Amino acid sequence: MWDLVLGDRRINSLRLVAPMWNGTRGIHRLGGAVVPEGNQKKERTMLQFLTDHFYDVEALRGYLLQREMCKVHLKNRFRDKEWIRPDKYGHFSPEFWNFREVPVEAVDASDCEINYEGLDNLLLLKELQSLSLQRCPHVDDWCLSRLYPLADSLQELSLAGCPRVSERGLACLHHLQNLRRLDISDLPAVSNPGLTQILVEEMLPNCQVVGVDWAEGLKLGPEEQPQDTASPVPA
Amino acid sequence: MAGGSRPGRGSRRGHGETVTYSVGGGALRATGQLARSSEWRLARSSDGWDNSEAAVRLSEGAGLRGAMIRRVLPHGLGRGLLTRRPGTRRGGFSLDWDGKVSEIKKKIKSILPGTPCDLLPDTSHLPPEHSDVVIVGGGVLGLSVAYWLKKLENRQGGMRVLVVERDHTYSQASTGLSVGGICQQFSLPENIQLSLFSASFLRNINEYLAVTNAPPLDLQFNPSGYLLLASEKDAAAMESNVKVQKQEGAKVCLMSPDQLRNKFPWINTEGVALASYGMENEGWFDPWCLLHGLRQKLASMGVFFCQGEVTRFVTSSQHMLTTDDEMVTLKSIHEVHVKMDHSLEYQPVECAIVINAAGAWSAQIAALAGIGKGPPGTLQGTKLPVEPRKRYVYVWTSLGLPLCPRLCKPCPHLSLQEEEPDPANLEVDHDFFQEKVWPHLALRVPAFETLKVQTAWAGYYDYNTFDQNGVVGPHPLVVNMYFATGFSGHGLQQAPGVGRAVAEMILEGSFQTIDLSPFLFNRFYLGEKTQENNIM
């Protein structure tokens, strides 16, 4: 659940978001959780600079992060028990078998090498609400055309950063009418992201499509040039 | 066969004994030819060197003149050409052969001014003199058969395959002009299995057709299901078809008019009793990409390509008695005459097997082999019932359709049966669209009343007039001609499966994976139709 990469330079501050969000449990990308405020910017860059250049500072930040994580773990529980994790040998405890009837609600397969045949396993999960396939290298248009059995339950889908997904695959997401949140940011194979965003929004009216600024790629007219934020707002 | 004398692996080049052996072989062949042909054929070639292996052509080329050249060339020149030069990798050759040939010709002219000037004639455009398999027709079906023959052969390099295509621009070939759709909604289980296999072939195309150092193929596959609508009287047939499709593993679902309105509110469901919608493995892709990928892969596998037209089959006959003591004449093709474009030059190719994959023109090729020449009603008199039928493709844009903003036809493919246009040329008849097609479209989808046709083109179906299904397998009387044609509009989507079936038939003697016995030629004589009801 907490895929914090300690060496990740993008984590500038300790941004930890409890999984309660909008009332639904979601695999929410940590990186995009908190928008930094303006006055924290200078402090963050100083800290970032120190972290980049000194191992001690990096180790200290790592330690503080771990402490915060432990605190959050105490609040974040699975049915009032600790989360079931693999032990140091990679094995799960046999208690896991007691939960066979528990429906799986969310799957995070980010950076996973899942392919067309591997999706067989995911499609069996009839109550899956949230699926994250971020940066999966083998997920392509054919795989997206297989997702229709999840149409009844799937509410959140993230395809950010998948190198093989194109707008043709996105078009076959029209089956997923219960989708409420779709992340299609950073898809290199999509030729026109702004237009694709509009088309997907039209295709799924109840869904919030995230990831592309629809104005991207549009040429602004001379009177619409972005104003410099430092200049005073004209009265 | 001459192929035996071609080592192809150049690692032993530059050693005296290997060179002598090969050229000696050339000399033997040369004398054989001198003895055989008193008649001067217009074209003479050595084994074709169309493949990408840079074999040593000096030893293989030459043919008749090889022995003479060997004698007249100064010994040093011969040696100099064949010793390993610095900069050539072991096993490879980087000579500029064409440049060398013209240099040699100039040298010979200067040494012997009286010799006729067609020494070492340029025969690179001609097919090889011998080939195990000759495939007539270089469209997707022919290339698919070639691919599977090479893939399933027991020994690497065990079979020499030649693909003869008369138009290398593919301007009239059905493959390039096809819409490129793939769909599993057929009534015949074999068709469904073929389409399913083809879908998995296309999905994994970069594993099947991978070529070293070539970029991966992008088929631009557009997944979207085909939607077939049925009225009251066809509803029962559609239901049984869907049952068969589901049994074979196709993902198709039936929809009632209400569900249809729910899902596609822009369709007018008046008169529709039932609809079947394909959920997976359906859509359309770029047929040129598949064609190019196949050609590239075949070139790397060592398949020969030739641009020419097959004008004659030389057959030999055998009279045999059947178990009922009837006399039957079995023919076997042992030579194919391939004529070059815009010239009278032709090359006879000795062959063991001929595959008729000529698409809309398959009947002409079959007639060349004598299929259909006989009293009607007999097996000898049964012609191949494949003829070209012209079909139009119209690309239009229309506003107000949320699911399909820029498609050449809407997500569901509307199937219409109309009268046949004249197949003499590939001109598009726009009035046909206005009068025959558009009213039906506008009735079914009100948003299409304001559509604008962007472009249109026409292509041929290799239409099987007997039962609109493909013809696969050997001919009962011409024992070494195999068919892979007649698929009436679904050839492209079934090509990988059919290619594999024909290759299995040739290599193993029977169909191994998908049993296409209902598609054999015999059914035309026996009158048993393998009817496909869902023709699109």
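Computed from heavy atoms alone, side chains included, the values below leave out hydrogens, waters and symmetry copies. Everything numeric in this text was worked out from a predicted model, so none of it was measured. Just so we're on the same page: letters track the sequence lines, and every chain starts at 1.
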### Query
Is the number of heavy atoms from other residues, nucleotides or ligands under 6.0 Å of F99(A) CZ greater than 12?
yes
### Task
Give a yes or no on this: more than 12 heavy atoms of other residues, nucleotides or ligands lie within 6.0 Å of atom CD of E270(B).
no
### Query
Between CH2 of W142(A) and CG of N204(B), what distance do you get to the nearest 0.5 Å?
8.5 Å
### Task
For E239(B), look at atom CD and say whether over 12 heavy atoms of other residues, nucleotides or ligands are found less than 6.0 Å away.
no
### Message
Are the side chains of D140(A) and F221(B) in contact, using a 4.5 Å heavy-atom criterion?
### Response
no
### Query
What distance do H175(A) atom NE2 and K263(B) atom NZ have between them, rounded to the nearest 0.5 Å?
5.0 Å
### Heavy atoms of other groups near K126(A) NZ, more than 12 under 6.0 Å
yes
### Heavy-atom closest pair, residues R168(A) and P223(B)
O-CD, 3.5 Å
#### Entry: CZ-CG distance between R203(B) and D141(A), expressed to the nearest 0.5 angstrom
13.0 Å
### Query
Side chain, backbone, both or neither: which part of E282(B) has a heavy atom under 4.5 Å from chain A?
neither
